[in-house]
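Take a look at the structure below.
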Amino acid sequence: MKTKAEKIRILFFVDRFGRGGIQALLANIAQTIDRASFDVEFLVLDDGEYYSLEDEIRNMGFKVHKLNGIWLRNPFDYPRYKRALKAFFAENDKYDLVHLHSSSKNFQVLRYAKKAGIQVRIAHAHSTSFHSENKIRKIVGSIFKYQLKRYSTDWFACSAEAGRWLFGSQFDYHDRRYVLKNAVDVESLCFDQKRRESKRSELGIDDDCMLIGNVARLEWVKNQDRLIDIVRCAREINDDIRLLIVGEGSLREELDAKIAAYGLEEYVHLLGFRFDVSDLMQAFDVHVMTSFVEGLPMVAVEAQASGCPVVLSGNISSEALLLRESITIPLEESNQEWAERILHCASSSKHRDTRNELIEAGFDIRTEVARLLPQPNWSLASSGESKISFAD
């Protein structure tokens, strides 16, 4: 039995601290968690890149463990990966809970946590499909799903759809399932007319111009190539339109070339990585995501918390629609249909304070963190079975 004097020790695993939805959720949790009751640490791999968010997490006072030189690029990396995990948990076996925020390829984290005697091992579904078109990777990933279920005691997901994709239909009736919403700091994101006016002025966007936003990595799965086609079509209907794409990725040069080929350099801008995303969302008239695959995208929640409606591809769970103005459109629809519906959504919507709507939908980070974490008086059965009590 834990007493209030004994903190519950939690280890979060994420493959790296790039600025994505999973990392944003973890950062939100870290900023909200009660440190008097919980001792939180992080474990990451090492792809050789520098991520400023990792420094930010450390500067918050959290310990970040890194498996130096370990990254999964091909099957030959697995032996070193397994040895590094074995060594890590041999030295760090006092955690009460290990929470995996990654795909099934990292099931080994939970395997070695179990070997170390850590009784609560959470696998967390953040997507509804593999982020790859490679058939071999999909087959291997599907095989690893069984191992993930084998070594986890608790199944978490950002949406019921994501849970069913990772864990199968058993997710619906598993006695230790939990849908943890990708919650945000509703108060800090709340719509502010002055912030909107200030950012649009800074961007050189007048009041009559329709500003379309997209915040996402520049990768195949995010499908910005299609979004540029749609905006090109939309400009034939209304030429006072701008598109801002916020993010970095491997397709930067390809997208730049497409924008130039269409002669849209004045109207479509790739802003790269930005620290002012929340202000940019205040400036957007609509946030559009044409993604092939998502779980429940954090940026869609952040946009709506900022008072901005979203237009999402039909491949994204409708659970992400939090405002009455927000809509989904199947990717199979024509660019013309997409353009018309985006224009209608943006022109018929009025930015407003959406705090109550987000809170009622369960997307306030303070509420979700309180529901996520076990209570300080939780206990573990002598048999080693998980007995953490999560709030309903």
Side-chain angles (χ1 to χ4, degrees), residues 19 21 24-25 27-28 31-32 181-216 227 230-231 234-235 237-247 266-289 296-312 320-328 339-368:
R19 291 182 185 270
L25 175 64
N28 285 342
Q31 290 174 314
T32 308
K181 296 177 178 177
N182 285 349
V184 299
D185 186 344
V186 172
E187 292 296 329
S188 68
L189 293 171
C190 179
F191 176 65
D192 184 324
Q193 183 65 31
K194 290 183 178 179
R195 286 176 70 188
R196 174 177 170 82
E197 293 172 357
S198 174
K199 183 53 65 174
R200 287 177 72 97
S201 175
E202 177 187 321
L203 294 168
I205 305 294
D206 62 42
D207 292 341
D208 296 327
C209 179
M210 183 176 293
L211 186 59
I212 300 171
N214 172 264
V215 180
L227 179 56
I230 292 168
V231 169
R235 281 189 47 75
I237 304 171
N238 178 354
D239 62 3
D240 197 7
I241 293 175
R242 302 289 186 275
L243 168 63
L244 301 184
I245 300 177
V246 183
E266 185 179 344
Y267 310 104
V268 178
H269 303 280
L270 305 182
L271 299 188
F273 173 76
R274 301 277 295 224
F275 284 101
D276 60 343
V277 172
S278 62
D279 287 331
L280 288 169
M281 286 183 171
Q282 299 270 342
F284 297 159
D285 292 298
V286 62
H287 186 270
V288 181
M289 300 186 72
L296 198 154
M298 177 74 76
V299 291
V301 178
E302 291 175 334
Q304 292 170 100
S306 302
C308 177
V310 298
V311 175
L312 308 177
L321 300 179
L322 308 179
L323 304 181
R324 60 179 179 271
E325 303 94 328
S326 297
I327 60 172
T328 60
E340 290 176 358
R341 295 188 67 183
I342 289 170
L343 293 174
H344 180 266
C345 178
S347 61
S348 62
S349 302
K350 184 177 181 180
H351 280 53
R352 65 182 190 283
D353 185 335
T354 59
R355 277 177 292 189
N356 289 339
E357 290 161 88
L358 270 289
I359 291 171
E360 289 176 8
F363 284 87
D364 175 56
I365 188 62
R366 292 168 182 81
T367 304
E368 280 300 280

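In this chain, residues are counted from 1 in sequence order.
Taking Arg195 as the reference, Asp279 meet the salt bridge (charged side-chain N to carboxylate O under 4.0 Å, His left out) condition, with sequence neighbours excluded. For the side chain to side chain donor-acceptor pair (under 3.5 Å) test, no residue two or more places apart in sequence or in another chain qualifies with Asn28. Among residues two or more places apart in sequence or in another chain, the side-chain contact (heavy atoms from CB on, under 4.5 Å) test is passed with Asp353 by Cys190, Arg355. With sequence neighbours left out, Glu202 forms a side chain to side chain donor-acceptor pair (under 3.5 Å) with Lys199. Residues passing the salt bridge (charged side-chain N to carboxylate O under 4.0 Å, His left out) test with Arg341: none are found, sequence neighbours excluded. Shown here are the side-chain contact (heavy atoms from CB on, under 4.5 Å) partners of His269, two or more places apart in sequence or in another chain: Leu244, Leu271. Glu197 is linked by a salt bridge (charged side-chain N to carboxylate O under 4.0 Å, His left out) to nothing, counting only residues two or more places apart in sequence or in another chain. Every residue meeting the salt bridge (charged side-chain N to carboxylate O under 4.0 Å, His left out) condition with Arg274, not counting sequence neighbours, appears here in chain and number order: Asp276. With sequence neighbours excluded, no residue forms a side chain to side chain donor-acceptor pair (under 3.5 Å) with Asn182. For the ring-ring contact (aromatic ring centres under 6.0 Å, His included) test, residues two or more places apart in sequence or in another chain that qualify with Phe191 are His351.
A donor-acceptor pair is defined here as one N or O able to donate and one able to accept, closer than 3.5 Å; such a pair exists between the side chain of Ser347 and the backbone of Leu343. Between the side chain of Glu368 and the main chain of Lys181, a donor-acceptor pair closer than 3.5 Å is present. Within the 3.5 Å criterion, the main-chain N or O of Arg242 finds no donor-acceptor partner in the side chain of Arg235. No donor-acceptor distance shorter than 3.5 angstrom exists from the side chain of Ser201 to the backbone of Ser198, with no hydrogens or angles considered. Remark: the backbone N or O of Phe284 is paired with a side-chain donor or acceptor of Arg196 at under 3.5 angstrom.
Atom CD1 in Ile245 sits 5.5 Å away from atom CG in Leu227 (nearest 0.5 Å). Leu211 CG to Leu243 CG: the interatomic distance, rounded to the nearest 0.5 Å, is 8.5 Å. Once rounded to the nearest 0.5 Å, the distance linking CD of Glu357 with CZ of Arg352 reads 4.0 Å. The CG atom of Leu189 sits 6.0 Å away from the OG atom of Ser278 when rounded to the nearest 0.5 Å. Within the model, atoms CD of Glu340 and SG of Cys345 stand 14.0 Å from one another, a figure rounded to the nearest 0.5 Å. Put simply, CD on Glu187 and CD1 on Ile365 are 13.5 Å apart, with the number rounded to the nearest 0.5 Å.
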Hey, can you pull the donor-acceptor pairs under 3.5 Å for the side chains in residues 298-312, sequence neighbours left out?
residue, atom, partner, partner atom, Å
Gln304, OE1, Leu322, N, 2.8
Gln304, OE1, Leu323, N, 3.2
Gln304, OE1, Ser326, OG, 3.0
Gln304, NE2, Ala300, O, 2.9
Gln304, NE2, Ala320, O, 2.9
Ser306, OG, Glu302, O, 2.9

> side chain to side chain contact (heavy atoms under 4.5 Å, CB included) between Asp185 and Gln31: does it pass, once the steps are laid out?
Replying inline: CA-CA 10 Å; Asp185 186 344; Gln31 290 174 314; over 6 Å; no
>> With side chain to side chain contact (heavy atoms under 4.5 Å, CB included) as the criterion, how do Ile327 and Leu321 come out once you've worked through the C-alpha distance, each side chain's angles and the decisive distance to 0.1 Å?
In response: CA-CA 7 Å; Ile327 60 172; Leu321 300 179; 5.6 Å; no
>> Does Val288 form a side chain to side chain contact (heavy atoms under 4.5 Å, CB included) with Ile230? I'd like the steps, not just the answer.
In response: CA-CA 10 Å; Val288 181; Ile230 292 168; 5.9 Å; no
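Of the options Asn238, Ile237, Asp239, a side chain to side chain contact (heavy atoms under 4.5 Å, CB included) to Ile241 is made by Asn238 and by none of the others.
Looking only at side-chain heavy atoms (C-beta outward), Met289 and Pro297 come within less than 4.5 Å of each other. Met210 has its side chain out of reach of Asp240: every pair of non-hydrogen atoms, C-beta onward, lies at least 4.5 Å apart. The side-chain heavy atoms of Val286 and Ile212, taken from C-beta on, include a pair separated by under 4.5 Å.
Here salt bridge (charged side-chain N to carboxylate O under 4.0 Å, His left out) pairs that include residues 203-214, with residues two or more places apart or in two chains, number zero.
At a threshold of 4.0 Å, the pair Asp285-Lys350 does not count as salt-bridged, since none of the basic side-chain nitrogens sits closer than that to a carboxylate oxygen.
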